[in-house]
Amino acid sequence: MAIIYRSLLDRDLTPGEVDENFRTALDSANSSFAASGSGAVSISVQNALRVLCVTPLQFEATWDGVADDTAELQAAYDALNAAGGGIMLLPEGNGKISARITTYSNIITQGAGMGATTISCANGDIAQLFLNAGSKAIFRDFTISVSVAGTTSVIGGLQLNDSTDCRVERVEVTGVSWAGVLLYGASRRNTVRDCYFHDWRGSVQDSADIALYNDASYNFIANNACFGGGEHGVMLQGSAVLNGMKNIVTDNRVSQHTTYGIMDYRTADADTYTQITDNYIEDIQGTTRSNASGMGIYLASVGGVLVSGNTIRNCCVQTTATTLTPGAIGINGTTSTLIPCNITNNNIDGMTKYAGIWIAGSAGGNIVGNRIQVPTTNDDGYGAIYLAGSSNLNVCGNHITIKNASSATQMGIEVNANANIANIAICNNVINGGSYASIRVERTSSNTLTGCVVSGNIATGGNSENIPLRLSGVVRGMVTGNYLSGSSTNAVVLHSNSTHVRYENNVSITSQTDNLNLQNTNTASFWGKSNYFNGEVENTGTGMVVEQLSAAEPAAGTAAVGDTWWDLSPTAGATPGGMCTTAGAPGTWKNFANLAA
């Protein structure tokens with residue numbers, strides 16, 4: 001093994017040779033070295049320089065892409081390992097291997113650059129470079145290229161098993177069939193950054209450009225170009241007993257894949273505390289899992305996850321089924337035992353199918369500050385934010401733009417009580433457009449939503465079919481401080497089969513005749529006189545009382561017993577208002593006693 005410095009004989013040392021003259025000079029008096037900084041100790045200059053550096057060419061590798069260099073490359077790694085580590089210099093050219101190369105701790109594998117240095121292999125069923133239970137290894141500036149598809153899962157072009165504090169930087173991986181970089185088992189505090197993945201081969205399930213598998217935790221995945229085209233861009237997957245946590249996935253570019261852009265999935269509930277931030281994801285197809293996949297980001301049975309600052313475009317391109325959660329961001333099965341996930345400040349557009357954010361079967365979550373634009377071509381009938389069978393959700397401060405389509409049923413925010421759910425807050429969102437509802441809270445069958453607050457939202461625009469607020473199946477709710485404006489011939493507010501719901505301080509504006517449409521059984525519900533609205537009231541249901549300010553008793557619309565009007569400008573000696581005593585259109589109204597003169 002050649003020492004990194006040159007001999008005093010003015011020639012390179014041969015493998016295993018030491019220049020005794022140089023050794024004597026370096027070990028003479030006062031030839032010591034101490035690094036700067038508190039706590040540094042003196043060592044001999046010889047030891048300070050004694051960083052070992054080898055190349056496979058020193059072990060007679062041809063590195064021409066034709067001859068097999070497996071044995072020579074492995075011998076070079078074994079020699080470095082025997083010396084306690086050092087630098088493996090991979091030269092320019094192509095080193096062909098036919099079997100897995102085992103690497104070791106404390107070795108820097110340094111190439112001449114992506115595309116300049118290549119390790120090529122014609123076996124897609126092996127890992128090309130493999131580190132087991134290692135630490136402080138670095139891999140950078142080279143390409144791994146596989147030319148034959150494999151069928152084996154849980155292998156990687158560069159595979160780190162139970163390894164810690166390693167770095168993978170500026171590595172290109174192409175042609176593999178499962179993972180480009182695999183962090184497996186108890187791999188901790190590793191970094192994968194600035195890598196390039198493309199042109200996957202085969203169709204092995206759960207293939208991914210970067211895979212964090214089982215108990216991989218505290219790893220950092222950043223600034224990678226994930227164009228592999230297999231199932232996933234970045235996959236974090238645990239088992240019933242091994243669940244990685246506290247990984248960070250940030251600033252990656254993920255393009256066309258068949259299943260998910262970034263996935264955090266567990267077979268049993270686990271709080272993973274994953275951070276998925278500032279990634280750019282587009283063109284996820286949805287051609288697997290019976291065409292129910294296609295999400296840009298997919299979370300399943302995980303809690304404590306932060307999804308923030310991502311840009312997601314044009315996903316679910318070929319998705320045709322809704323058995324999972326098709327959307328730019330999909331969350332499935334965050335149970336009550338888990339910490340709610342936070343979905344914040346993401347940019348979503350170009351979704352020609354399904355939802356921007358879809359949450360199903362979950363027991364908590366915050367959907368805050370996202371910007372979603374739904375194109376005209378999206379007519380699948382789901383909301384920009386679609387919440388199905390989920391409770392304890394805070395939907396707040398989102399900005400939604402819906403491109404109208406006369407034949408579509410586009411919605412801004414939809415809550416589907418396809419199971420009994422509770423505790424939904426829809427607050428301070430801005431929704432522009434729609435062709436069915438800006439905000440829809442509706443039950444399926446006899447299910448109910450107990451505890452719903454709709455407050456501080458602005459919902460405007462849409463076509464002639466769009467109703468800004470549809471409320472059905474709610475038990476105990478508050479609708480306060482909203483600005484609702486529409487041109488639907490049906491209504492601005494449609495309230496049906498919802499009990500103990502109170503409306504206060506809303507502004508409801510229509511360009512048509514009817515403003516409020518109150519249907520079916522609405523026991524103990526109330527529309528207070530603090531609301532401002534124009535147009536007519538169609539109170540054809542039972543149990544809901546409408547109070548309104550007007551200049552006279554209603555002469556149009558439909559009233560229920562107990563509805564009340566109050567004079568906008570009461571005068572002495574005149575009635576201050578009246579009450580409906582017989583339901584009908586416009587109903588029978590009786591004035592209150594006159595005020596004192």
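- E504 and N531 make their closest contact through C-OD1, 3.2 Å (heavy atoms, listed as atom of the first residue, atom of the second, distance).
- Ring planes of F533 and W527: perpendicular class, angle over 60° (limits at 30 and 60°).
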Checklist entry - Could you walk me through whether V479 and H495 pass the side chain to side chain contact (heavy atoms under 4.5 Å, CB included) check? => result CA-CA 11 Å; V479 181; H495 179 105; over 6 Å; no
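- Using modelled atom types, one finds no donor on one side chain facing an acceptor on the other under 3.5 Å when comparing E414 with N416.
- Looking at N223, its side chain never comes within 3.5 Å of a backbone N or O of N252 through a donor-acceptor pair.
- Taking 4.5 Å as the limit, some side-chain heavy atom of V501 sits within range of a side-chain heavy atom of L471.
- Although no hydrogens or angles enter the test, the distance criterion places no donor-acceptor pair under 3.5 Å between the side chain of T409 and the main chain of D380.
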Checklist entry - Given N457 and I426, is the side chain to side chain contact (heavy atoms under 4.5 Å, CB included) satisfied, shown in steps? => result CA-CA 8 Å; N457 302 284; I426 303 172; 4.0 Å; yes
Checklist entry - side chain to side chain contact (heavy atoms under 4.5 Å, CB included) between I421 and V415: does it pass, once the steps are laid out? => result CA-CA 10 Å; I421 58 176; V415 179; 3.9 Å; yes
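- The closest donor-acceptor contact from the side chain of R470 to the backbone of Y436 lies under 3.5 Å.
- When only modelled atom types and interatomic distance are considered, T352 and T377 share no side-chain donor-acceptor pair under 3.5 Å.
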Item to check | Test salt bridge (charged side-chain N to carboxylate O under 4.0 Å, His left out) applied to R289 and D206, step by step | outcome: CA-CA 11 Å; R289 311 297 186 273; D206 282 329; 2.9 Å; yes
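- The closest side-chain donor-acceptor pair between N520 and S496 falls under 3.5 angstrom.
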Next on the checklist: For a side chain to side chain contact (heavy atoms under 4.5 Å, CB included) check, start with the C-alpha distance between Y532 and I509, then their side-chain angles and the critical distance, and finish with the verdict.
Outcome noted: CA-CA 8 Å; Y532 171 79; I509 303 298; 3.5 Å; yes
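- Side-chain atoms of W565 and V546, non-hydrogen and from C-beta on, never get closer than 4.5 Å to each other.
- Between N219 and N247, the shortest heavy-atom distance links the atoms N-OD1, 2.9 Å.
- No donor-acceptor pair under 3.5 Å is formed between the side chain of S290 and the backbone N or O of A292.
- With N214 contributing its side chain and L242 its backbone, the two residues share no donor-acceptor pair below 3.5 Å.
- For the residue pair C316 and M295, the shortest heavy atom distance occurs at SG-N, 4.2 Å.
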Item to check | Intermediate values then yes/no, side-chain hydrogen bond (donor to acceptor under 3.5 Å, both in side chains), T558 and E538 | outcome: CA-CA 5 Å; T558 302; E538 295 295 332; 2.6 Å; yes
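- No hydrogens or angles considered: nothing links the side chains of D209 and N224 as a donor-acceptor pair under 3.5 Å.
- Although no hydrogens or angles enter the test, the distance criterion places a donor-acceptor pair under 3.5 Å between the side chain of S362 and the main chain of A360.
- Put simply, OH on Y273 and CG on L306 are 13.5 Å apart, with the number rounded to the nearest 0.5 Å.
- In this structure, the side chains of I431 and I439 come closer than 4.5 Å at one or more pairs of heavy atoms.
- A heavy-atom distance below 4.5 Å is found between the side chains of N447 and N420.
- Side chain to side chain, T258 and T288 fail the donor-acceptor criterion of an N or O pair below 3.5 Å.
- Distance alone, capped at 3.5 Å, is enough to place a donor-acceptor pair between the S217 side chain and the D215 backbone.
- Within the 3.5 Å criterion, the main-chain N or O of S498 finds a donor-acceptor partner in the side chain of N522.
- Among the candidates N432, N429, N466, the single residue satisfying the side chain to side chain donor-acceptor pair (under 3.5 Å) test with S438 is N466.
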Checklist entry - Does the side-chain hydrogen bond (donor to acceptor under 3.5 Å, both in side chains) test come out yes or no for T250 and T277, once each step is laid out? => result CA-CA 5 Å; T250 186; T277 63; 3.0 Å; yes
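- In this structure, S390 OG and N423 CG are separated by 12.5 Å, a value rounded to the nearest 0.5 Å.
- Of all heavy-atom pairs between A559 and C580, the closest is CB-SG, 3.8 Å.
- Between the side chains of S308 and T344, at least one donor-acceptor pair of N or O atoms lies under 3.5 Å.
- Atoms CE and OG1, from M263 and T274 in turn, are 11.5 Å apart once rounded to the nearest 0.5 Å.
- Proximity of a side-chain donor or acceptor of N345 to a complementary backbone N or O of N370 within less than 3.5 Å is not detected.
- The line from CG of D563 to OG1 of T581 is 11.0 Å long, rounded to the nearest 0.5 Å.
- Residues V254 and N279 are not in side-chain contact: their nearest non-hydrogen atoms beyond the backbone lie 4.5 Å or more apart.
- A donor and an acceptor atom, one from each side chain of T510 and N515, are nowhere located under 3.5 Å apart.
- Taking the ring centroids of W566 and F592, they lie under the 6.0 Å cut-off.
- If you run side-chain contact (heavy atoms from CB on, under 4.5 Å) between W358 and each of L324, T325, I329, only T325 comes through.
- Looking at heavy atoms from C-beta onward, T575 lies in side-chain contact with N594 at the 4.5 angstrom threshold.
- In this structure, the side chain of T582 does not engage the main chain of G587 through any donor-acceptor pair within 3.5 Å.
- Shown here for L299 and I343, the closest heavy-atom pair between the two residues is CD1-CD1, 4.5 Å.
- Side-chain contact between T272 and V305 is present, with heavy atoms from C-beta onward closer than 4.5 Å.
- In this structure, V374 and M411 have side chains that are not in contact, with every pair of non-hydrogen atoms separated by 4.5 Å or more.
- A side-chain N or O of S455 and one of T480 form a donor-acceptor pair less than 3.5 Å apart.
- Rounding to the nearest 0.5 angstrom, the gap separating the CZ atom in F197 from the OG atom in S255 is 14.5 Å.
- For the atom pair CG (D283) and CD1 (I312), the distance works out to 12.5 Å, reported to the nearest 0.5 Å.
- By the 6.0 Å contact criterion, CE on M245 is enclosed, its count of non-hydrogen atoms from other residues, nucleotides or ligands being greater than 12.
- Scanning both residues, S435 and Q410, for their nearest heavy atoms gives OG-N, 2.9 Å.
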